[in-house]
Amino acid sequence: MVVKVYGSIDASPQRVLACLVEKEIDFEIIPIDLFKGEHKDLEFLKLQPFGQVPVIQDGDYTLYESRAIMRYYAEKFKSQGTELLGKTIEERGLVEQWLEVEAQRFHPPVYKLVVHILLASALGFPSDPKIIQESEAKLGKVLDIYEERLSKSKYLAGDFFSLADLSHLPFSQHLVADLGKEHMIRDRKHVSAWWDDISNRPSWKKVLQLGVFEL
Ligand SMILES: N[C@@H](CCC(=O)N[C@@H](CS(=O)(=O)O)C(=O)NCC(=O)O)C(=O)O
């Protein structure tokens, strides 16, 4: 069954696409144009009542929240493609820990930078320099902890690539590519080496190529 992924070149859907590529799962992108407000259409809201992308449909199974979708496929296809959850319960615990850190500590400041640097004018409100400054300071503190962790461990959960690293790809790509904040990664030696490693994975290159194609 080909998995339908509702979204397109947006960051959170890319998180799911990278996971599906790593797990060698076939998918079809159903474009949802956020700038046209298609994510607020009644039909779409029946799939995702909060009006956000991504949503997946796998036969008659529907799921939203990108990190939940990743966990579902990483578990469902555990023995296919890249192992993304670790091999022991202790490794799984560390994968879950760093997935939560990404969602609760890393994502909020980066998302504010995306909104205020990239989207503000398109969404019709003034970008707030104070929010940008505060978000950058918050993110810097988070990345300092990453630097310490990655000075001892090749990847966040251990010496293996996992969902925890993968989950960082889309918004870290924003940081280095279109927010003008690449220095936040490059100024931290171990974070920089980690970013070079995970962003050079064939799965991520394929997802970025899809984005180019979509444009
Ligand atoms: N927690 C959700 C967040 C999804 C989300 O924020 N999606 C954004 C697109 S992106 O910023 O992730 O690329 C969206 O639909 N935004 C439209 C809206 O919130 O109205 C997830 O991880 O799936």
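Numbering of residues begins at 1 and proceeds along the displayed sequence. If you're wondering where the values come from, they're calculated on a predicted model, not measured in any experiment. Counting starts at 1 for both ligands and their atoms, following the listed order. Basis for what follows: all heavy atoms, side chains included, without hydrogens, waters or symmetry-related copies.
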Check your understanding: Looking at atom 19 (O) of ligand 1, what's its closest protein heavy atom, distance included?
Key -> Gln52 NE2, 2.8 Å

Check your understanding: Quick one: which ligand 1 atoms are inside 4.0 Å of a heavy atom on Ala11?
Key -> 13 (O)

**Study point:** Heavy-atom nearest neighbour in the protein, as seen from atom 12 (O) of ligand 1, with distance rounded to 0.1 Å
**Key:** Ser12 OG, 2.5 Å

Review point. Between Val53 and ligand 1, is there a nitrogen or oxygen pair with a distance under 3.5 Å?
Key: yes

Check your understanding: Taking it one step at a time, do Lys46 and Asp41 satisfy salt bridge (charged side-chain N to carboxylate O under 4.0 Å, His left out)?
Key -> CA-CA 9 Å; Lys46 285 178 191 163; Asp41 290 350; over 6 Å; no

**Study point:** Check ion pair Glu65-Arg71 (N to O, under 4.0 angstrom)
**Key:** no

Check your understanding: Using a distance-only test with no angle check, is there a side-chain donor-acceptor pair under 3.5 angstrom linking Asp58 and Tyr72?
Key -> no

Review point. Do Glu134 and Lys138 pass the salt bridge (charged side-chain N to carboxylate O under 4.0 Å, His left out) test, and can you show the C-alpha distance, the side-chain angles, and the key distance before you say yes or no?
Key: CA-CA 6 Å; Glu134 285 167 355; Lys138 251 186 210 163; over 6 Å; no

Study note, to complete from the structure: If you scan protein heavy atoms around atom 23 (O) of ligand 1, the nearest is Ser66 N, 2.8 Å

Review point. Is there a nitrogen or oxygen of Asp10 sitting under 3.5 Å from a nitrogen or oxygen of ligand 1?
Key: no

Exercise for review: Could you find the nearest protein heavy atom to atom 2 (C) of ligand 1 and give me its residue, atom name and distance?
Suggested key: Glu65 OE1, 3.2 Å

Exercise for review: With heavy atoms of Arg67 as the reference, note each atom of ligand 1 found under 4.0 Å away.
Suggested key: 22 (O)

**Study point:** Selected option - heavy-atom contact closest to atom 16 (N) of ligand 1, from Leu118, Leu119, Leu34, Leu123
**Key:** Leu34

Check your understanding: Against heavy atoms of Pro54, which atoms of ligand 1 measure under 4.0 Å?
Key -> 23 (O)

Check your understanding: Got a sec, which hydrophobics cluster with Leu94, joining ILVMFWY side chains under 4.5 Å apart, including via others?
Key -> none

Exercise for review: Would you mind listing which atoms of ligand 1 come within a distance below 4.0 Å of any non-hydrogen atom of Lys40?
Suggested key: 20 (O)

Review point. Under the 6.0 Å and 45° cation-pi test, does Arg201 pair with Phe161?
Key: yes

Point to revise | Check against ring-ring contact (aromatic ring centres under 6.0 Å, His included), Trp98 and Phe106 | key: CA-CA 10 Å; Trp98 287 101; Phe106 176 86; over 10 Å; no

Review point. Is there a heavy atom in Tyr111 that sits closer than 4.0 Å to ligand 1?
Key: yes

Review point. What's the spacing between Ile132 CD1 and Leu179 CG if we round to 0.5 Å?
Key: 9.5 Å

